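Proteins get letters first, then strands, A, B, ... in listed order; numbering begins at 1 in each. Fair warning: this is a prediction, and the values are worked out from it, not measured in the lab.
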Protein chains: 2
Amino acid sequence: MKIGLDILGGDFAPKATIEGALLALKLLSEDQKIVLIGDQDIAKQYIEQAGEDPAFFEYVHAPDNIGMGEHPTKAIAQKPDSSISRGFQLLKDGAIDSFASAGNTGAMLVGAVFSVKTIPGIIRPAIATNVPKIKSGFGILLDVGANADCKPEMLPQFGLLGSLFAEHIYGIQEPTVGLLNIGEEEEKGNMLTLGAHPLMRENNRIRFVGNIEGRELFDDKADVIVCDGFVGNVVLKLAESFYVLTRKKGFNDAFFDRFNYEQYGGSPILGVNAPVIIGHGISSPEAIKNMILLSKSMIESNIIEKIKSAFN
Amino acid sequence: MKIGLDILGGDFAPKATIEGALLALKLLSEDQKIVLIGDQDIAKQYIEQAGEDPAFFEYVHAPDNIGMGEHPTKAIAQKPDSSISRGFQLLKDGAIDSFASAGNTGAMLVGAVFSVKTIPGIIRPAIATNVPKIKSGFGILLDVGANADCKPEMLPQFGLLGSLFAEHIYGIQEPTVGLLNIGEEEEKGNMLTLGAHPLMRENNRIRFVGNIEGRELFDDKADVIVCDGFVGNVVLKLAESFYVLTRKKGFNDAFFDRFNYEQYGGSPILGVNAPVIIGHGISSPEAIKNMILLSKSMIESNIIEKIKSAFN
């Protein structure tokens, strides 16, 4: 198994990414290799400084970096030696089994769709994030940013993608699916959700439980909640700001602690032909470690093959 | 001044509404009359039981009630003796100066648009809510549910409506306006926000400060934040669920306390030819009291005339 990691991605790279890789290393077996993609001289230097042996990792030299503010499509095309471009080339060639980066989200999305491509039968991939549940554990929310505008037909697909992820990565048996909406009744909603609701109800590959209101995101009504990427992104960032506030104010609570992005490491792009994970820009070593462990879970669970057969 | 109150609206009516009216009464001068609209016999009975004099109020008998689950347009048409239908009739006739209800939101919206009508020049009215700011005070978020789908041209109008409300009701000098979006850059967004951004930037009647992300809702970047009614409703309910959670968990904090809907009493429908306020379904007496005080502020400030001239 080869887990690809962009060591140049994120606000605190390469220090945080390399420290995260070192943390993950201790939890992996010998045949689970982390491939560090980026400036290999800097990487080896950091590893030696940390008193570790650079030989535990594999390296692919990619000295160029795509910045957070760069235009995704242009940057991918114009920077073939960037860590993100090289990462996707390796993923496409089968030289790595997964690719993770805490860098430019748009470049990760464009790179994934251009290189390993969308799985046949899927209209558009979606970015998924986990949502802590008040009782215990996590649910899945998607899309949180890949598709600012969606067609109704995309939402049942997001429901199926999220269900497969919930089942095979989180071990949730028979996950239920809800549609994020502005009322419980089927006739409530905007044009998108009014169109999506009957499609979701009639789709027998998902366990649709109806509409979920903003106030029900954290309760047990649905394991997987679908929405367009605009709404999902606003919800994700709003929830994060609440978590940050509770921390700033010194509130300690197991539920709010589960909002901590560091604990789950990143958001997978679901619907492309390989495991791809986007980390938070402010990823700490702990977050990077968990992003690597999530990569491992996605490879081991064979989630991509399971998605392919579900959409076949 | 005559402040109209639907005493049958809300989950705890008529007890909570009448108790709220009694609380408000103590804060009003003699010429500020509360007009209780609903079953007048029940109202007088409650007031006497509370040891107060029914003569302090005016009454309009409307024994019928529009339930929370009823279809707004049908209910308004088929129940002329309902408290909401009678309330809007009185408002249209000028027999009351404002109308407030914690009942069926849809019926309040339909009733407002059908009776007192949308102010000329305004495409669609919007429901506004206040948003606590971390530093201090409140901002305004709109639309939070009147228009699930919006056209770009509506958002600068929401910005102007919110600005006038912020200035004349909350006393915010030169309020700034932000567009709720999924990135800071102008080129980020969905079709709605991509279309709205340049219209807002070019509109010289509002102080546009650009895009606001979900995580910035509570900071000081903008006093007025605009979005479509779908996104706003999800945000409102999500924020409310966070507040409820912090309360349940016993967290006490001045910022989170400002989420308490009871303190501000209700959400105005901005853009119609009279002050109309929708209360939370679970309105307590305290919330009803504050809804009456907000009605009074809207009448005293002459906000409707100010909106009319701004859109003239």
Side-chain angles (χ1 to χ4, degrees), chain A residues 68-69 71 105-106 131-132 134 141 143-150 180-185 187-194 212-219 225 227-246 248-256 259, chain B residues 68-69 71 105-106 131-132 134 141 143-150 180-185 187-194 212-219 225 227-246 248-256 259:
Chain A
M68 287 301 201
H71 188 282
T105 298
V131 174
I134 294 166
L141 176 72
D143 177 26
V144 296
N147 312 281
D149 292 288
C150 286
L180 189 57
N181 210 334
I182 58 172
E184 287 182 9
E185 307 86 353
E187 64 273 16
K188 288 280 178 75
N190 60 7
M191 286 190 292
L192 173 64
T193 58
L194 288 171
I212 301 288
E213 291 193 80
R215 67 168 70 92
E216 299 167 322
L217 205 63
F218 308 115
D219 68 23
I225 298 174
C227 57
D228 69 55
F230 186 95
V231 172
N233 191 270
V234 169
V235 162
L236 174 67
K237 288 174 179 166
L238 180 62
E240 191 178 284
S241 75
F242 267 102
Y243 164 68
V244 170
L245 274 171
T246 59
K248 269 192 191 159
K249 289 175 182 295
F251 295 159
N252 279 310
D253 178 83
F255 168 69
F256 284 109
F259 277 93
Chain B
M68 286 301 200
H71 188 282
T105 298
V131 174
I134 293 167
L141 176 71
D143 176 27
V144 295
N147 312 282
D149 293 288
C150 285
L180 189 58
N181 210 335
I182 57 172
E184 286 181 11
E185 307 85 353
E187 64 274 16
K188 288 278 178 77
N190 59 8
M191 286 189 293
L192 173 64
T193 58
L194 288 171
I212 299 289
E213 292 194 81
R215 67 168 71 91
E216 300 167 323
L217 205 62
F218 308 116
D219 68 23
I225 297 175
C227 58
D228 69 54
F230 186 95
V231 172
N233 191 269
V234 169
V235 162
L236 174 67
K237 288 175 179 167
L238 180 62
E240 192 180 282
S241 74
F242 267 101
Y243 164 69
V244 169
L245 274 171
T246 58
K248 269 192 190 160
K249 291 178 181 294
F251 296 159
N252 279 310
D253 178 84
F255 168 68
F256 284 109
F259 277 93

- Message: Can you give me the closest heavy-atom contact between Ala148(B) and Ile182(A), atom names plus distance?
- Response: CB-CD1, 4.0 Å
- With under 30° as parallel and over 60° as perpendicular, where do the rings of Phe251(A) and Phe251(B) fit, or are they tilted in between? parallel
- Rounded distance (nearest 0.5 Å) linking atom CG of Asn233(A) with atom CZ of Arg215(B): 8.0 Å
- To the nearest 0.5 Å, how far apart are CD in Glu213(B) and CG in Leu236(A)? 10.5 Å
- Please name all residues satisfying salt bridge (Lys or Arg N to Asp or Glu O under 4.0 Å) with Asp149(B), sequence neighbours left out, ordered by chain then number. none
- Message: What part of Leu217(B) gets within 4.5 angstrom of chain A, counting heavy atoms only: side chain, backbone, both, or neither?
- Response: side chain
- Message: Using a 4.5 angstrom heavy-atom cutoff, name the option from Gly106(A), Ala239(A), Gly229(A), Gly189(A) with the most pairs to chain B.
- Response: Ala239(A)
- Query: With only heavy atoms counted, which part of Asn181(A) is less than 4.5 Å from chain B, the side chain, the backbone, both or neither?
  - Reply: both
- Could you tell me the separation between the CG atom of Asn190(B) and the CG atom of Asp228(A), rounded to the nearest 0.5 Å? 7.0 Å
- Message: Walk me through whether Phe256(A) and Phe242(B) qualify under side chain to side chain contact (heavy atoms under 4.5 Å, CB included).
- Response: CA-CA 10 Å; Phe256(A) 284 109; Phe242(B) 267 101; 3.6 Å; yes
- Search all heavy atoms of Gly214(B) against all heavy atoms of Ser241(A) and return the closest pair with its distance. O-OG, 4.2 Å
- Task: Answer yes or no: is there a side-chain heavy-atom contact under 4.5 Å between Leu245(A) and Ile134(B)?
- Result: yes
- Note on the structure: Closest heavy-atom pair, Leu180(B) versus Phe230(A), reported as atoms and distance to 0.1 Å, is O-CZ, 3.4 Å
